[in-house]
Every structure is written in structure tokens, then in C-alpha cells.
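First listed ligand is number 1; within each ligand, the first listed atom is number 1. The first residue of the sequence shown is numbered 1, and numbering continues consecutively from there.
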Amino acid sequence: MKKRVLSAIQPTGHMHLGNYFGAVKNWVDLQQDYECTYGVVDYHAITMPYSPEKLRNATWDLLINLIAVGVEPQHLFIQSLVPEHTELCWIFNCFCSYGQLTRMTQFKDKSSEGKGEDGFISAGLLDYPVLQAADILIYRADYVPVGKDQEQHLELARNIAVRFNNQVGKEYFVLPETLYTETPKILSTADPTRKMSKSAGDKHYINVFAEPAVIRKQIKSAVTDTGDTPAGTMSPGVQNLFEMLKACGEQEAYNSLMDTYHAGQLKYVELKETVGEALVKLTTPFHERKKELQANKKEVKDQIKASSAEIRKRAQETVKEVKELAGLMNVRY
Ligand code: AMP
Ligand code: TRP
């Protein structure tokens, strides 16, 4: 039997190269050998201040983007069309330590960043990783392809699974493991001391669906030397450019520029030009596919609604079994 893979992404802003090289590229590649399920997690997206009108559009847009880069529509679901995730989340809340939640890095970061003028931080933000655990465990996933930043959340999901299994006296949930790509952490080209991310502002990410001219320009202005790199080591900015080149599948160009670097003769302009072109070559077919999908939006929507309904059946099965094991009510009692 094929091993199960589950991953998810929030419909907040653009899909950037960090998302793609860190996670989504793996989503596409794993489809051949695993039973894959991928979610667009809109319940997670409402844990931070947001606009309801924009959310629904962002959800469809992200789904189209995912299909455009090669995710098969039958593997995709929308989280709010599978409400069992929130039911399992409630049960898991009672198998999760409050202290561990308050210590999550993402909660600490986002609770300082997300505070509006009134200092509002939602309880949903604290609970975010429990819902994520529900996303994963509800499909009994063996593997979770994500970027490095999700490691702590996966640890929490395993803790919940162990606690639940102990309580019910059965190895019901498998313990999910992360799957990383070769590039689990892409850095911001504008500031290579931080990861590429949409929350840090426009210049800190490169949109997979940006126009070629924009991509070239962003790579051209990438920070290469921050001045504090010890002699004889490659600066994080340069390393980041090399990693993106390799992730584009341009092994030959990578090897040849790496040789030039080791010979002390690398010109950053040349590296940037090569990376810019590699990214344009990689993303151009994505753009074309996206245009086609946008022209058939109704079909895409129908397809995703149908796949969500199909995937929901598996979620319902798990929740039924969990309630049974946890001493909650099913109609037969
Ligand atoms: P998010 O956009 O935060 O919902 O992230 C979606 C996926 O992309 C998750 O699996 C993240 O771990 C991954 N990801 C986000 N930013 C980066 C980055 N800079 N480098 C590598 N992976 C990332
Ligand atoms: N927290 C993840 C992120 O920020 C998104 C996410 C939600 C997720 N549920 C998940 C990732 C389940 C993997 C599996 O990227």
C-alpha cells in the first residue's frame, strides 16, 4: 500500500519561491509514489486580522496557482469544506498542553506582529498548531512535506498523537514525519539574514507568478555580501542564489558557476543573470497554465468542490472512529 502524504498552505497573499522550492515542488513530485492530499487552509487564515471578501478570492487564486504548478486537482481540498477538521481540533485541544502552545515560535512571532491598534490577539492564533495537527492526523498521514519552519508544529502533532494513543490504549494514529526538499529554507533576497516570507513586506519575497521583468529585477538587486561573512566562506545571500539555481534543475550552470566561485573568479552579475533566467524559464509555463485555468474558472471550482467532498469522506471516517475511541457519542448509543 502507498504511504500517505498530507500538506497544506494558507490562502494569504502570493505563492512565493520559498513556498515553491521549500514545499510545493515536493507536493508535485510526491504525487507519483504516494497517496497525496493537499489542503488550502482557510480556517488557519482567519487567525490573523483579515478581510472576508479577499479571503474567498485568495482561496480560489491559490488553488489555481497550485494546479498551475502541477498539483493534480483530485488531490486538493478546501479546509472549510471539510468541517471535521475543526471537530477533531476540539478533541485534540484536550490532548494538547497549553504551555507547549504558548512556547511555539510562530505564536510568539505572530502575536507580536498581528496585534492591531487595540492589541487584539485571537485565541485561534494560539490554537493554530492544534488545527494543523488535526489536518495531518485526520488523514493518518505518514509524511508531511513542508519547509523547515514547520518542524515545531510537526513535533506538537506527534505529541498529540502519542497522548491520544496512550489515553485510548491503542496505536490509532501514526506519528507523522516531515519531508524536506533540498532547499528547506529560502532566504529573502532583499535581506538574506531572514527567510523569504510574505509577512515581512513586498521586497522580501519573489512571487512565482510575477512578470519575468519583475523576477529578473528582484534577482538583480539581490543582496550578495552583507559585509560580515568570514573570509573563505560563502555569504548567505550568494548561497541562497546558488540554491535557487540548483532547485531550478540547472545543475550544469550550478556546477560551472560554483567552479568559478572556487577559483575566486565569480562575478555576481553573472550569477544573478543566470539565476534570473533560470527562474523565468521555470515559471513561464506556470503562467501559461494559469491563464488557461482562469479561462475555465467554473470548471476548476466544480472540480475542487467535488474533490473536497470525496476527501471529506475519509475525514468523516476518522472522526467517527476517534469519537468512538474517546467515549463520545455516535448515533448508535
Ligand atoms: P505559508 O506561506 O507560511 O503558509 O507556508 C507554506 C509552505 O511553504 C510551508 O510548508 C512552509 O514551510 C513553506 N515555506 C514558507 N516560507 C519558506 C521559505 N522561506 N523557505 C522554505 N520553505 C518555506
Ligand atoms: N502552518 C503551515 C504553514 O504556515 C500551514 C499548514 C496548516 C499546514 N495545516 C497544515 C502544513 C498541515 C502542513 C500540514 O505553512
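At least one N/O-N/O distance between Ile186 and ligand 1 falls below 3.5 Å. Looking at ligand 1, you'll find an N or O of Lys198 within less than 3.5 Å of one of its N or O atoms. Looking at Gln150 next to ligand 1, no N or O pair under 3.5 Å apart turns up.
Heavy-atom contacts of Gln10 reach the following atoms of ligand 2: 4 (O) (cutoff under 4.0 Å). Below 4.0 Å from some heavy atom of Gln150 lie the following atoms of ligand 2, by number and element: 1 (N), 2 (C), 3 (C), 4 (O), 15 (O). Heavy-atom proximity to Leu6, at under 4.0 Å, picks out these atoms of ligand 2: 12 (C), 14 (C).
Ranked by closest heavy atom to atom 9 (N) of ligand 2, the top entry among Asp135, Leu131, Asn19 is Asp135. Between Ser197, Gly147, Ser199, Pro184, it is Pro184 that holds the heavy atom closest to atom 21 (C) of ligand 1.
Distance remark: protein heavy atom not present below 4.0 angstrom from atom 3 (O) of ligand 1.
Centroid-to-centroid, the aromatic rings of Tyr139 and Phe77 come within less than 6.0 Å. Ring centroid separation for the pair His85 and Phe92 does not come in under the 6.0 Å cut-off.
Contact annotation: for Asp149 versus ligand 2, there are no heavy atoms closer than 4.0 Å. Contacts between Val146 and ligand 1 below 4.0 angstrom, taking non-hydrogen atoms only, involve backbone and side chain alike.
Under the 4.0 angstrom criterion for non-hydrogen atoms, His16 is in contact with ligand 1.
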